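Accompanying notes for the structure given below.
In this text, all values refer to a predicted model and were calculated from it rather than measured experimentally.
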Amino acid sequence: MLVKKVMKSQLLTTFSARGIAAGGTFLLSYVLATFVTVQAFGAFMLCLSVMIGVQVFTSLGTDRATLKFMGIATSNSNKKEVKWIYQRSMYVNILVGCLFSVLLWFFAPAIAQMLFSSVENGVDSLKVTAVISPLYSVIYLCNFLMKGWGRANVSCFFEIGCISIILSILVVLGSLFDYEFSALELVLALGYILFFYLLLAVWYVLKIYKDCRFVSLEKVSFSRGFYKSLPDFLLVGIIFYYTQWGAGIVLGFFHDERDVAIFSLGLRLAMIIGFILTVYDSILGPRFARLQHENDQKNLRELAQKSAFQMTCAAFIPAAVFLVWPEAVLGLFGSDYSGASSVLRILVVAQLINVMTGSIILLLLMAGEQKSARNILIWSVVIGGLASLLLIPMYNANGAALSLLLCLLIQNVVALYVVNKKFGFLVIDWREAVKFNS
């Protein structure tokens, strides 16, 4: 069976690599909560949110388009199509990345005035963020190219989670010499790490291309389709960005860095529940695209349902721990974060809903239903965004968590309905998944 081959070939190695990345996210949260001030933690997370936001706009949707069309190019065994994707996506990310870097540098004083309690330090940190943002954008694109090649287990090492491990080590080393990093110094250290990662990532994706044995056919079969998909993929990227990082920025607009730190810690911990979804997304994206391209609806349904069932099983135990004993978990991070138990509980419920429905948005994106996915995400984020403007001023970090829960609940429930209507199956029909196992 196709599903068994999929799960046996990449799941364990990708799970291990993703586990390291998720561990890196947890480690950085713990290190920053322990060895820097809560204000520095919050200010750094704001800069990190801005950097990732710049990447989303810089890509113009080429990252997710790369994931989809690399699946088609590899199915066609066409080296010319792969080269075409490499060139167009790299040009876009480098040129637009430099443009956004200049804009962020120019507008740093205005942004710092809105987000930071110490405007002068905020301006300096944002200017460094402007310089390093194009580096991260190209690294992120290389990550998607690796996934498109079926190297999801390697791509994990080029994501922010693994990068966080190195930054955590630097902060711990500094603490051994009684040195405490400021937010500006954390961003600078991140920049040096990203430069090293950029060299490694570009070398690796070029090596994969050079070593492949595909034939260079004359025609690129999807040039118009690639460009037509970019607006939808860009919008999807913006919306995904909001669900993971945007609420923290809105929180920083209304409250100080301490509230941002509390929410960021709760979200990073809750993402341990969601990390299993990122494992499967790394593997399933090109496979969904290939199965739809080959019109193999039976295996498409089997892959979607079984993976959703497996994700839910994997997420249940850590979710139960966070829901039942949040105070014990937060106690590991010091007294500054002891009052964040309600934030953690809300965010864990949000991530559990996200995991239970499986890679449902990815399925729509990769199987030719980008517009449906776009519309679902737009309405869920509009409602969640309006809720955040109402809830965050009154309830601080709890309000941000509630608005994110509402956004993900709407997104996943509507996506379940759309997939059932478009493809004729319910992703959370676990009875079918059990039959596949038998």
Main-chain N/O of [Y] paired with [X] side-chain donor or acceptor, under 3.5 Å:
{"X": "Asp63", "Y": "Ser59", "answer": "no"}
{"X": "Thr37", "Y": "Ala40", "answer": "yes"}
{"X": "Ser101", "Y": "Ala130", "answer": "yes"}
{"X": "Ser229", "Y": "Phe226", "answer": "yes"}
{"X": "Ser264", "Y": "Ala261", "answer": "no"}
{"X": "Gln310", "Y": "Ser307", "answer": "no"}
{"X": "Ser125", "Y": "Gly122", "answer": "no"}
{"X": "Ser182", "Y": "Glu185", "answer": "yes"}

Spacing of [atom1] belonging to [X] relative to [atom2] belonging to [Y], to within rounding of 0.5 Å:
{"X": "Leu32", "Y": "Met45", "atom1": "CG", "atom2": "CE", "result": "8.0 Å"}
{"X": "Ile383", "Y": "Cys407", "atom1": "CD1", "atom2": "SG", "result": "8.5 Å"}
{"X": "Trp379", "Y": "Asn375", "atom1": "CH2", "atom2": "CG", "result": "9.0 Å"}
{"X": "Phe333", "Y": "Leu265", "atom1": "CZ", "atom2": "CG", "result": "5.0 Å"}
{"X": "Ile353", "Y": "Leu409", "atom1": "CD1", "atom2": "CG", "result": "5.0 Å"}
{"X": "Leu234", "Y": "Arg64", "atom1": "CG", "atom2": "CZ", "result": "9.5 Å"}

Check whether the side chains of [X] and [Y] place a donor and an acceptor atom closer than 3.5 Å, and report yes or no.
{"X": "Ser342", "Y": "Asn398", "result": "yes"}
{"X": "Thr62", "Y": "Asn93", "result": "yes"}
{"X": "Lys147", "Y": "Asn143", "result": "yes"}

Do Trp84 and Phe69 make the cut of ring centroids closer than 6.0 angstrom?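 Ring centres of Phe69 and Trp84 not closer than 6.0 Å.
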
Aromatic ring proximity, centroids under 6.0 angstrom, Phe144 and Tyr140: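 Ring centres of Phe144 and Tyr140 closer than 6.0 Å.
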
[X] to [Y] - nearest heavy-atom pair and separation:
{"X": "Leu330", "Y": "Ala340", "value": "CD1-C, 3.3 Å"}
{"X": "Leu67", "Y": "Gly148", "value": "CD1-N, 4.1 Å"}
{"X": "Glu257", "Y": "Leu46", "value": "CG-CD1, 4.5 Å"}
{"X": "Lys80", "Y": "Asn78", "value": "N-OD1, 3.0 Å"}
{"X": "Ser372", "Y": "Val418", "value": "CB-CG1, 4.0 Å"}
{"X": "Lys127", "Y": "Ala108", "value": "CG-CB, 4.0 Å"}

Counting only heavy atoms not in [X], do more than 12 fall under 6.0 Å of its [atom1]?
{"X": "Gln87", "atom1": "CD", "result": "yes"}
{"X": "Tyr30", "atom1": "OH", "result": "no"}
{"X": "Tyr227", "atom1": "OH", "result": "yes"}
{"X": "Tyr395", "atom1": "OH", "result": "no"}
{"X": "Glu180", "atom1": "CD", "result": "yes"}

With a 4.5 Å cut-off on side-chain heavy atoms, are [Y] and [X] touching?
{"X": "Thr312", "Y": "Leu352", "answer": "no"}
{"X": "Val92", "Y": "Ser89", "answer": "no"}
{"X": "Phe116", "Y": "Leu126", "answer": "yes"}
{"X": "Phe44", "Y": "Leu167", "answer": "yes"}
{"X": "Thr66", "Y": "Arg88", "answer": "no"}
{"X": "Leu303", "Y": "Leu363", "answer": "no"}
{"X": "Leu277", "Y": "Ser359", "answer": "yes"}
{"X": "Phe214", "Y": "Thr74", "answer": "yes"}

Would you call the rings of Tyr86 and Trp149 parallel, tilted or perpendicular, where under 30° means parallel and over 60° means perpendicular?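 Ring orientation, 0 to 90° scale: perpendicular.
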
side-chain hydrogen bond (donor to acceptor under 3.5 Å, both in side chains) evaluation trace for Ser380 with Tyr242: CA-CA 11 Å; Ser380 63; Tyr242 175 80; over 6 Å; no

Sorted by first residue and then second, give each salt bridge (charged side-chain N to carboxylate O under 4.0 Å, His left out) pair with at least one member in residues 230-246; sequence neighbours left out.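 Checked against salt bridge (charged side-chain N to carboxylate O under 4.0 Å, His left out) - neighbours excluded - the pairs reaching residues 230-246 are Asp232-Arg374.
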
Run Phe100 and Val96 through side-chain contact (heavy atoms from CB on, under 4.5 Å) and show every step you take. CA-CA 6 Å; Phe100 272 90; Val96 182; 3.5 Å; yes

Kindly determine whether Phe322 and Ile272 satisfy side-chain contact (heavy atoms from CB on, under 4.5 Å), including the steps that lead there. CA-CA 10 Å; Phe322 286 150; Ile272 293 175; 4.2 Å; yes

Residue pair Gln39, Ser117: steps toward the side-chain hydrogen bond (donor to acceptor under 3.5 Å, both in side chains) verdict: CA-CA 9 Å; Gln39 288 77 18; Ser117 57; over 6 Å; no

Relative to Tyr209, does Lys79 satisfy both conditions: NZ or CZ under 6.0 angstrom from the six-membered ring centre, and within 45 degrees of the ring's axis?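 Verdict for Tyr209: a cation-pi partner in Lys79.
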
With sequence neighbours left out, what residues match Asp178 under salt bridge (Lys or Arg N to Asp or Glu O under 4.0 Å)?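 Asp178: no salt bridge (Lys or Arg N to Asp or Glu O under 4.0 Å) contacts found.
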
Test side-chain contact (heavy atoms from CB on, under 4.5 Å) on Leu404 and Leu267; report intermediate values, then the result. CA-CA 10 Å; Leu404 184 56; Leu267 185 58; 3.9 Å; yes

Step by step, would you call Tyr197 with Cys162 a side-chain contact (heavy atoms from CB on, under 4.5 Å)? CA-CA 10 Å; Tyr197 262 85; Cys162 286; 4.0 Å; yes

